[in-house]
Amino acid sequence: MKILLIGSGGREHALAWRLRKDDPKVQLFTAPGNAGTGQMGTNLAISATDLDGLTAWAVKEKPDLTIVGPEAPLCAGVVDRFEKAGLPIFGPNGAAARLEGSKVFTKNFLLKYGLPTAPGAGFTDSLSAYAYSQKHNRYPQVLKADGLAAGKGVIIAENPMEAAQTINRIMDQRIFGEAGRALLIEEFLPGREMSVHVLTDGVSHVILPIAQDHKRLGEGDTGLNTGGMGAYAPAPFATKELQAQISQEVVKPVLESLRKEGIDFRGILYIGLIWTKEGPRILEFNVRGGDPETQVLLPLIDTPLVEIFQAVREQRLGKLNVKFNSNHAVTIVLAAEGYPGTPITGTSINGLELELAGTCVFHAGTKQEGKHVVTQGGRVLSVTAWAPDLATARDLAYQRAAKIHFAGSQFRRDIAARLTLDASAE
Ligand code: AMP
Ligand code: GLY
């Protein structure tokens, strides 16, 4: 089988690893990939958002399936392009990808169908945004650039001055470019966050184990926001009762509302949830697997990935019995010096070859330079481990991480460390 994988992060290396595990003979091509995907197959010098380049390659090479990792090509409509050319591809179409591509669109959708979310409103001119922000003067107040901003477009303002400055920077100065043409302002909701990944073919769905990301750079959830410094699954606080509540109050109503809205969503819908004192609230939708959540979810799924993805595409997920194992998985992100600001790149990485059973090192911002692997981006590696219990998985991940060295490496020592069952503890 020949597969084209689009993307270059830890998520994509984890997908490549899993596809190879399911089928050792698979032919893998990754656009553009990293040192890790390069070791599993062929990296193509085509960027993930070069839709012309991707389509031209696929028309010529006819992969049996294309799998899209990141949101940018999905929002740019890569699925529509491929389908128009008769090329099989896994991921939601451009209309469905708006759920991640426009936070104002999503808020309007959530409010229209009475789905549980923070009260808020969207604006296309800054004067109305200033007026609304001043009128709803409870702080913290959450301000979000409408479009894709690489996880940096959400600002939590602590006072009116900060809120006004944020509106100015996003809408008037356009610090996030076109993503700031519109702005969403919403109420701050305190609670515990969780990542709910739903596989859906538009008719049936399967909820994957609940994962938890660690978004802040520093231990104890301090410091700057990042793309994610580590994750684990299943979350111990996600009891059967809590999962049933998520399914009833969030997942089923969301999927039903999508159908009513005429959105044919086929792919992975990742619901960013916050558990408040009043129950679950939707913070955001992503239209792809999380990074680093994918790295901990894949080891928990037993059914071959291609079987699942093909069933989603062909709308027969309801007939597939997607099997999970009872392991727990943990991933620790090793980031470069400077991250989440401008990372220092080109630093040599040592110890990658020192294997440990039950672990795998997924590359993210890495590049092969001759025999050496060097840093190439902010998040460099996702060190992942799985075991029958969470504490062992965590120990294994840290043992493997301790074998890897590069100058300036930053990682959190408290990934999956807070194992309380009380979901209202925060
Ligand atoms: P988003 O990209 O919308 O998930 O926002 C990024 C992060 O900002 C989330 O993971 C939360 O930590 C935080 N956040 C977003 N919206 C809210 C909210 N309404 N209340 C509290 N925190 C929020
Ligand atoms: N881990 C957060 C994300 O993938 O959006």
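Starting from 1, each residue takes its place in the sequence as its number. Whatever order the structure lists ligands and atoms in, that order sets their numbers, starting from 1. On a predicted model such as this, the values are computed, not experimentally measured, just so you know.
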Indicate yes or no: does Arg181 engage Glu178 in a salt bridge with an N to O separation below 4.0 Å. yes

Closer than 4.0 Å to some heavy atom of Gly290 - which atoms of ligand 2 meet that? 4 (O)

Per-atom contacts, ligand 1 versus Lys103 - under 4.0 Å to a heavy atom: 1 (P), 2 (O), 3 (O)

Taking both backbone and side-chain atoms of Glu293, is any N or O found less than 3.5 Å from an N or O belonging to ligand 2? yes

Check contact between Arg281 and ligand 1, using heavy atoms of the residue and a distance below 4.0 angstrom. no

Heavy-atom nearest neighbour in the protein, as seen from atom 21 (C) of ligand 1, with distance rounded to 0.1 Å: Leu189 O, 3.2 Å

Quick one: nearest non-hydrogen protein atom to atom 22 (N) of ligand 1, plus distance? Phe188 CE1, 3.8 Å

Out of all atoms in ligand 1, which are within 4.0 Å of some heavy atom of Lys144? Include the element for each. 3 (O), 15 (C), 16 (N)

Ion pair Glu284/Lys144, N-O distance below 4.0 Å: no

Checking heavy-atom distances from atom 11 (C) of ligand 1 to each of Glu284, Glu193, Lys215, the winner is Glu193

Contact with ligand 2 for Gly289, non-hydrogen, under 4.0 angstrom: no

Between Arg288 and ligand 2, which residue portion shows a heavy-atom distance shorter than 4.0 Å: side chain, backbone, both, or neither? side chain

Please identify which atoms of ligand 2 are closer than 4.0 Å to at least one heavy atom of Asp213. 1 (N), 2 (C)

Return the closest protein heavy atom for atom 7 (C) of ligand 1 as residue, atom name and distance. Val154 CG1, 4.4 Å

In the protein, what heavy atom is nearest to atom 14 (N) of ligand 1, and what distance, to one decimal place, separates them? Leu283 CD1, 4.1 Å

Counting from 1 in the order shown, the ligand 1 atoms closer than 4.0 Å to a non-hydrogen atom of Glu186 are 16 (N), 17 (C), 18 (C), 19 (N)

Side-chain H-bond candidate by donor/acceptor type, Asp291 with Gln295, under 3.5 Å: yes

Taking Glu187 for its side chain and Pro119 for its backbone only, find out whether a donor-acceptor pair lies under 3.5 Å. no

Is it true that the side chains of Gln141 and Ser133 contain a donor and an acceptor less than 3.5 Å apart? yes

Is the centre of the Phe237 ring less than 6.0 Å from the centre of the Trp275 ring? no

Side-chain donor-acceptor contact under 3.5 Å, Tyr139 with Glu162: no

Quiz question: by atom type and distance under 3.5 Å, do the side chains of Asn93 and Asp80 form a donor-acceptor pair? no

Would you verify whether the NZ or CZ of Arg400 falls within 45 degrees of the ring axis of Tyr398 while also being under 6.0 Å from that six-membered ring's centre? no

Side-chain donor/acceptor of Thr30 to backbone N/O of Asn43, under 3.5 Å: no

Taking only non-hydrogen atoms of Gly227 and a 4.0 Å limit, the atoms of ligand 2 in range are 1 (N), 2 (C)

Ring-plane angle category for Phe123 and Tyr132, please: parallel below 30°, perpendicular beyond 60°, tilted otherwise. tilted

Checking the N or O distance criterion of under 3.5 Å, is ligand 1 in contact with Ile156? no

Check whether any heavy atom of Gly228 sits under 4.0 Å from an atom of ligand 2. no

Distance only, no hydrogens: is a donor on one side chain within 3.5 Å (strictly under) of an acceptor on the other, for Ser102 and Asp146? yes

Atoms of ligand 2 under 4.0 Å from any heavy atom of Tyr270, numbered from 1 in the order shown, are 1 (N), 2 (C), 3 (C), 4 (O), 5 (O)

Under 3.5 Å: N/O of Asp291 near N/O of ligand 2: yes

